[in-house]
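The structure under discussion appears below in the form of structure tokens.
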Amino acid sequence: MKATGIVRRIDDLGRVVIPKEIRRTMRIREGEPLEIFVDREGEVILKKYSPMGELSDFAQEYCDALASETGHAVFVLDRDVIIALAGVSRQPFIEKMISQDAEEVMETRRQSVIEGKGVRAFCSDCVEENSEYDFSYSVLSPIIVEGDPIGVVVISNKHEVDNKFSELEEKLAATAAAFMARHLEH
């Protein structure tokens, strides 16, 4: 654990303010749920809560099946990081921060096809050093649960540098996002 040097007092209602610099760095938005942990040494730990975390095993199975059937790379993102993927090596992607484009897809709640950005279409801190990850098209579809965007399904083309996606890939991404959302609602 890293010390910040910032000290805050608890008010009479039991509240503590998380400094703006930390909220910005950790990408904690107003109204975002935080999970509270305590350990034996008396430390209280706040962690961003992701409903998608409950879905990670299911999301991985869905990615595996979709990648196997389509031959495309498939990713599932929560509001901050990539939580599941298939069709490419996990190492360069898992737990990497999502891109501004992926955040926009969640905020607008609309599917988007992004051309020519490679992994930057959905991953802000991934490095494109391998042509295996040089995606020319990615379709991003938001996962919306009870009106709130909680993640994104991404299907990216692999090895078909000049081929655009058909309507089928767009529908597959939308179907995967809707299916995951319904899975979380129950």
Side-chain angles (χ1 to χ4, degrees), residues 27 48-186:
R27 299 169 98 173
K48 291 172 68 172
Y49 174 73
S50 170
M52 292 294 293
E54 299 171 15
L55 195 63
S56 63
D57 291 339
F58 176 75
Q60 186 59 55
E61 290 174 14
Y62 204 102
C63 285
D64 291 339
L66 200 51
S68 173
E69 291 301 315
T70 64
H72 295 304
V74 181
F75 304 84
V76 176
L77 293 56
D78 70 6
R79 290 198 60 88
D80 297 302
V81 297
I82 299 170
I83 64 165
L85 63 119
V88 292
S89 172
R90 291 177 58 81
Q91 186 67 19
F93 297 104
I94 202 68
E95 295 292 322
K96 297 288 187 176
M97 297 299 289
I98 68 170
S99 70
Q100 185 66 38
D101 289 322
E103 287 183 21
E104 283 179 30
V105 165
M106 280 188 273
E107 295 310 313
T108 62
R109 295 167 169 77
R110 280 189 269 161
Q111 187 176 68
S112 178
V113 176
I114 299 176
E115 179 180 355
K117 284 194 172 182
V119 298
R120 299 277 184 225
F122 56 90
C123 181
S124 67
D125 60 352
C126 293
V127 179
E128 290 185 62
E129 29 184 72
N130 187 325
S131 64
E132 179 184 4
Y133 314 128
D134 190 23
F135 309 122
S136 54
Y137 292 93
S138 292
V139 58
L140 287 71
S141 194
I143 302 169
I144 301 172
V145 176
E146 298 173 358
D148 294 324
I150 63 163
V152 176
V153 172
V154 180
I155 300 178
S156 295
N157 67 344
K158 254 179 36 174
H159 310 300
E160 299 109 292
V161 177
D162 296 326
N163 294 344
K164 278 192 170 184
F165 278 144
S166 68
E167 194 175 315
L168 176 64
E169 283 88 359
E170 293 177 36
K171 287 184 178 183
L172 284 170
T175 301
F179 191 74
M180 287 184 202
R182 286 196 185 103
H183 191 75
L184 278 170
E185 287 173 348
H186 297 308

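Throughout, numbering of the chain's residues begins at 1 and tracks the sequence.
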To the nearest 0.5 Å, how far apart are [atom1] in [X] and [atom2] in [Y]?
X      : Y      : atom1 : atom2 : value
Ile150 : Met180 : CD1   : CE    : 10.0 Å
Arg79  : Asp148 : CZ    : CG    : 8.0 Å
Leu66  : Glu169 : CG    : CD    : 9.5 Å
Leu140 : Thr108 : CG    : OG1   : 10.0 Å

Could you work out, with salt bridge (charged side-chain N to carboxylate O under 4.0 Å, His left out) as the rule, every residue matching Glu69, not counting sequence neighbours?
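Listed in chain order: nothing, the list is empty.
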Tell me, please, which residues at least two apart from Gln91 pass side chain to side chain donor-acceptor pair (under 3.5 Å).
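By the side chain to side chain donor-acceptor pair (under 3.5 Å) rule, Gln91 matches no residue at all.
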Quick one: closest heavy-atom pair of [X] and [Y], and the distance?
X      : Y      : value
Ser156 : His72  : O-CB, 3.3 Å
Ile144 : Ala181 : O-CB, 3.2 Å
Leu85  : Arg90  : CD1-CA, 3.7 Å
Ser138 : Gly118 : OG-O, 4.4 Å
Val88  : Ala73  : CG1-CB, 3.9 Å
Ala102 : Val152 : O-CG2, 3.8 Å

Could you tell me whether the side chain of Asn157 and the main chain of Ser136 form a donor-acceptor pair under 3.5 Å?
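Yes; judged by distance alone, with no hydrogens or angles, the pair exists.
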Mark yes or no for whether Ser99, through its side chain, and Ala121, through its backbone, hold a donor-acceptor pair below 3.5 Å.
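Yes; judged by distance alone, with no hydrogens or angles, the pair exists.
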Please name all residues satisfying side chain to side chain contact (heavy atoms under 4.5 Å, CB included) with Glu61, sequence neighbours left out, ordered by chain then number.
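With neighbours one apart ignored, the set is empty.
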Can you name the ring-ring contact (aromatic ring centres under 6.0 Å, His included) partners of Tyr62, sequence neighbours left out?
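Counting only residues at least two positions away or on another chain, Tyr62 forms a ring-ring contact (aromatic ring centres under 6.0 Å, His included) with Phe179.
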Selection residues 84-106 - residue pairs positive for ring pair (Phe, Tyr, Trp, His ring centres under 6.0 Å), sequence neighbours left out
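Sorted pair list: Phe75-Phe93, Phe93-Tyr133.
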For the residue pair Ile98 and Phe122, establish whether any side-chain heavy-atom pair is separated by less than 4.5 Å.
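When only atoms from C-beta onward are counted, Phe122 and Ile98 do not touch, as no gap falls below 4.5 Å.
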Is the shortest heavy-atom distance from the side chain of Val154 to the side chain of Phe135 under 4.5 Å?
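With C-beta onward as the side chain, the pair stays apart.
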Heavy-atom neighbours of Arg109 CZ exceed 12 at 6.0 Å
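Atom CZ in Arg109 is packed in, count exceeds 12.
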What do the steps show when you test Ser141 against Gln111 for side chain to side chain contact (heavy atoms under 4.5 Å, CB included), and what is the final call?
CA-CA 4 Å; Ser141 194; Gln111 187 176 68; 3.5 Å; yes
Only pairs at least two apart or in different chains count here, so list each salt bridge (Lys or Arg N to Asp or Glu O under 4.0 Å) that has a residue in residues 91-102.
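Pairs touching residues 91-102 that pass the test: Asp101-Lys117.
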Audit row: Ile143, Val76, side chain to side chain contact (heavy atoms under 4.5 Å, CB included) steps and yes/no
CA-CA 9 Å; Ile143 302 169; Val76 176; 4.2 Å; yes
Pair Glu170-Val113, side chain to side chain contact (heavy atoms under 4.5 Å, CB included): steps then yes or no:
CA-CA 8 Å; Glu170 293 177 36; Val113 176; 3.7 Å; yes
